[in-house]
Amino acid sequence: MKVVLEEKRRCFALTSEHIQKVENLLAVRSELADHLTVQPIDGWRLFVTGGIRNCIVDLEHGKCDCGIYAVEKIPCSHVIAAGNHDGLHISTLVSSFYSKDTLFAGYSQNIYPHAGIVKASKCLPPNVKRPLGRQKKSRWQSWLELSRMRGHKSMKQHRVYRCSNCKETGHTAPHCEN
């Protein structure tokens with residue numbers, strides 16, 4: 001309960017537009033974005049070069065080739081550089097999930113303790129019993145075993161067996177009928 005109250009106080013003490021972790025990320029990424037060069041492709045698409053990799057940024061659909069912007073919904077350095085080139089403010093590129101208003105809405109309702117009597121008890125780990133018998137061996141499978149499980153033929157050429165008695169293929173001398 002104390003943790004929730006401390007987090008609620010920290011939430012209402014925010015002075016920035018986004019939560020603190022996002023503001024720190026944006027500061028670091030905007031420093032990196034200053035060293036990138038931007039070339040416009042068309043209206044909303046831009047080609048960003050420099051840094052570790054070159055990316056195509058689509059500001060209209062919120063996509064970048066590096067994939068960070070699509071997953072985190074926080075602009076990567078490529079998107080920040082493209083937004084600065086087009087005159088967009090960084091805060092318009094961040095998802096509303098990270099905004100101060102969303103955080104306020106999460107802490108707007110009161111959290112009440114359980115109505116019944118809560119006993120303070122020690123929480124122990126579950127009592128797990130090992131199954132009887134020999135343990136199953138887990139090992140890394142080779143590429144040949146994996147390809148056979150998938151139903152593909154292996155790339156390895158198998159030897160054609162030939163009988164030493166009759167010189168025919170398909171069987172060996174112990175299994176020869178002649």
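Quick caveat: nothing in here was measured; it's all calculated off a predicted structure.
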- Message: For C64 versus Y69, what's the shortest heavy-atom pair and its separation?
- Response: CB-CB, 4.4 Å
- Task: Could you list all the salt bridge (Lys or Arg N to Asp or Glu O under 4.0 Å) pairs where at least one residue sits in residues 72-85, not counting sequence neighbours?
- Result: R29-E72
- Task: Indicate if V48 and L93 have the same hydrophobic cluster label, given that clusters are the connected sets of ILVMFWY residues with side-chain heavy-atom separations under 4.5 angstrom.
- Result: yes
Which donor-acceptor pairs under 3.5 Å do side chains of residues 167-175 form with protein atoms, sequence neighbours excluded?
{"unit_1": "K167", "atom_1": "NZ", "unit_2": "S164", "atom_2": "O", "d": "3.1"}

- Message: The criterion is salt bridge (Lys or Arg N to Asp or Glu O under 4.0 Å); which residues satisfy it with E31, sequence neighbours excluded?
- Response: none
- Spell out, as yes or no, whether a donor-acceptor pair under 3.5 Å connects the side chain of H61 to the backbone of K63. no
- Task: Determine the minimum heavy-atom distance between R53 and H78, stating which atoms define it.
- Result: O-NE2, 3.4 Å
- Query: Honestly curious: do I56 and W44 fall in one hydrophobic cluster under the side-chain, below-4.5 Å linking rule?
  - Reply: no
- Query: Is the backbone N or O of S96 less than 3.5 Å from a side-chain atom of T102, with the two atoms forming a donor-acceptor pair by type?
  - Reply: yes
- Message: Please check this pair: side chain of Y98 against backbone of E23, looking for a donor-acceptor N/O pair closer than 3.5 Å.
- Response: no
- Query: Do L46 and H85 pass the side-chain contact (heavy atoms from CB on, under 4.5 Å) test, and can you show the C-alpha distance, the side-chain angles, and the key distance before you say yes or no?
  - Reply: CA-CA 9 Å; L46 299 112; H85 181 269; 3.5 Å; yes
- Message: For residues V79 and F97: do they belong to one hydrophobic cluster (side chain heavy atoms under 4.5 Å, members Ile, Leu, Val, Met, Phe, Trp, Tyr)?
- Response: no
- Query: Counting distance only, does the side-chain N/O of D58 pair as donor-acceptor with the main-chain N or O of E60 below 3.5 Å?
  - Reply: yes
